[in-house]
Every structure is written in structure tokens, then in C-alpha cells.
Amino acid sequence: MSFTGRDILSAADLSRDDILEILRQSEKMEEIVKNDKVSDMLSDTLVAVLFLEPSTRTRLSFETAINRLGAKAIVVASADSSSAAKGESLADTAMTVDGYVDVIVVRQPLKGGAEIMADAAKAPVINGGDGAGQHPTQALLDLYTIKKEKGTLENLKVAMIGDLKYGRTVHSLSYALAPFSPTEYIFCAPDELQMPDYIVEDMRKRSIPCTMTSDINEALQADVVYMTRIQRERFENPSDYERLKGSFVLDRKLVESGSKDMIILHPLPRVDEISTDVDQLPNAAYFRQAHNGVYVRMALLAMVTGKV
Ligand code: NCD
């Protein structure tokens, strides 16, 4: 299926073939960057980068991808510098920006908000994170990293640790990996921050065994250990955050007690859930993971504009 004009809203919308094609194109983009640094593939393309929530990696790697492909960007880097602060609806923002650009990349706090914008805009919309919903481009770069580090996406035991309730990256990762027959998902969280039921049910429907635990030692038997930050900004009650922060801290000793070949991923930013003494271990792949975001986002931009 062609990607031209397609919205990228949720990892649940992507088939196995879609994902493999995106990863293939990402490899080509990595080659372009390694060999030539830049290309003029998208020199006629203008991209709106609307970030109405904080971001370092997602926004900067999209902007890097845009620059490396010779495209141009118009950027909103915070909600308070846009008309969102005046109460403008997402649909109105989308209908306006749609008349300016060829692609819209958006991050905003409302779950389902990217879909609202996609319904209002003709240009393809790429979801850069919709509140506690989805973060599909992160999941794709996670898969790109897993494939590179482990040599395969198939038959892996994958542990997701931390705030699985509000963490959109793990929601998307669960769906993105599902077509590759994971042998097990280990969802490791405090009870209150466990993976939402609708996702666990969807995974079980796809015949993926799901283990729910709050014991990090159980999670460290996995091939892929995906750490996440407790999502402070999503808590209604700050005292709940205070009680739950610091629930899991992965340190060198814990890593050494777990499965020898595990790779450790984290979408970043980290707060204190991975101690810095882990960073030098060969298992620690999270900064390599962040770098891979550029290639995957280059591929997505080129695909939705019909350039590849
Ligand atoms: C994540 C996000 O924004 O959901 N960050 C990212 O995009 N790399 C994870 C997080 O903020 O904890």
C-alpha cells in the first residue's frame, strides 16, 4: 500500500508490511546521512512542526530530518507561543496550517487530538505524541533500534517498565511489535500505573502472552528491557506522583543480575529510572536509539510526500 498522503496516527494502524517498508526506507536514509549528509529529495516540501507540549528529541530529530532532506520547516515550539493559548481548537489550527504546508507534524496533550487534526486537514498529519495516547514515530525508531541491536524483531521477550498507564511510547511499542510474534510481554509497573486494560486485551487477542508484575527482577529476564519515566505531567494529584516516582531504578548491579544479552532502551528523557553507571554498558542502547530517530523520521516524511 502506498504511503503517499497517509496520516501516521497510531502504531495500531500499521501492518507488518507497512512497518518493514518504513524500516527499509529508514536504512536507506541512514546511508544517505552517512555517505552524503544531506539530500535534496524534499526540496519542494514545507513541513509544519507544531509542538504544543515539551520535547527535545522528537522535535529536534524531525527538524534534523527535514533539514537533511532539503525540506523547509515552520515551527511552533510551545503551546504558549501559539493560538492554542487563546483557546483555538485543534481542528481550526489544522484547517489553517493545512493551507500553508505539505505535511503537519504535531504533538499536543489531548489523546486522540492528532486524529482530530487529520480529519480537518488534507495534508498528511504525523502524530508526534497525543497526550497519554500514542507515539507511533517513537515506536518505529524503537523497532529500528531493536532490529539493529538484536538482528531481528521476531520472537522476542520484551519487558516494559515504569509508567505504562500514561506512557504513550509503550502503548505504541506494544502495537508496533505485535505483528512480529513476541514470545511474551512483561508489563512491569506499580499497580496504579499498569498498562491500560484495552491494550492488554488487544495483545492477548493477538495471542501474545502478557505478564503483569511489579517485580523488576522478573522483567530483567527479557531480551529487550524498555524503561520509561513516570509521567509527572499527566497526574491529576501531585501527591500520587510523589509517592510513585522512583518506583524503579535500573542500576548496573541490577543489569548484571539480568539476562546477559538484554538491550536496554528508553525513549528519554530519563529522570532517575536508569542510573548513569549503566550508560557505559554495551547493553545500554538508549542514546543510539535517540540517534536512529532522524533516519526513521526522514523515511516517514519522504514516504507520506510520495518521494519514495
Ligand atoms: C517520550 C514522550 O514524549 O512520550 N519522549 C520522547 O518522545 N522521546 C517519553 C517521555 O516523555 O517520557
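Read the numbers this way: they start at 1 and go in the same order the structure lists the ligands and their atoms. Given the structure is predicted, the values throughout are model-derived calculations rather than measurements.
With D130 contributing its side chain and G112 its backbone, the two residues share a donor-acceptor pair below 3.5 Å.
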In a simple table, one pair per line, please give the protein and ligand 1 atom names for every N or O pair closer than 3.5 Å, along with the distance.
| unit_1 | atom_1 | unit_2 | atom_2 | d |
| --- | --- | --- | --- | --- |
| ligand 1 | 3 (O) | R107 | NH1 | 3.3 |
| ligand 1 | 3 (O) | R107 | NH2 | 3.1 |
| ligand 1 | 3 (O) | R168 | NH2 | 2.9 |
| ligand 1 | 4 (O) | R168 | NE | 2.7 |
| ligand 1 | 5 (N) | L268 | O | 3.0 |
| ligand 1 | 7 (O) | T58 | OG1 | 2.9 |
| ligand 1 | 7 (O) | R107 | NH2 | 3.0 |
| ligand 1 | 7 (O) | H135 | NE2 | 2.7 |
| ligand 1 | 8 (N) | Q138 | OE1 | 3.2 |
| ligand 1 | 8 (N) | P267 | O | 2.9 |
| ligand 1 | 8 (N) | L268 | O | 3.0 |
| ligand 1 | 11 (O) | R229 | NH2 | 2.8 |
| ligand 1 | 12 (O) | R229 | NE | 2.8 |
| ligand 1 | 12 (O) | R229 | NH2 | 3.2 |
| ligand 1 | 12 (O) | Q231 | NE2 | 2.8 |

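Applying the 6.0 Å contact sphere to CG of D197 captures no more than 12 heavy atoms from other residues, nucleotides or ligands.
The existence of a salt bridge linking E30 and K148 is confirmed by a sub-4.0 Å separation between a basic side-chain nitrogen and an acidic carboxylate oxygen. Ion pairing of K147 with D142 is absent here, as no side-chain N (NZ or NE/NH1/NH2) approaches a carboxylate O to less than 4.0 Å. Ion pairing of E149 with R288 is present here, as a side-chain N (NZ or NE/NH1/NH2) and a carboxylate O approach within less than 4.0 Å.
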What's the verdict on side-chain contact (heavy atoms from CB on, under 4.5 Å) for T305 and T4, showing C-alpha distance, side-chain angles and the deciding distance? CA-CA 5 Å; T305 52; T4 309; over 6 Å; no
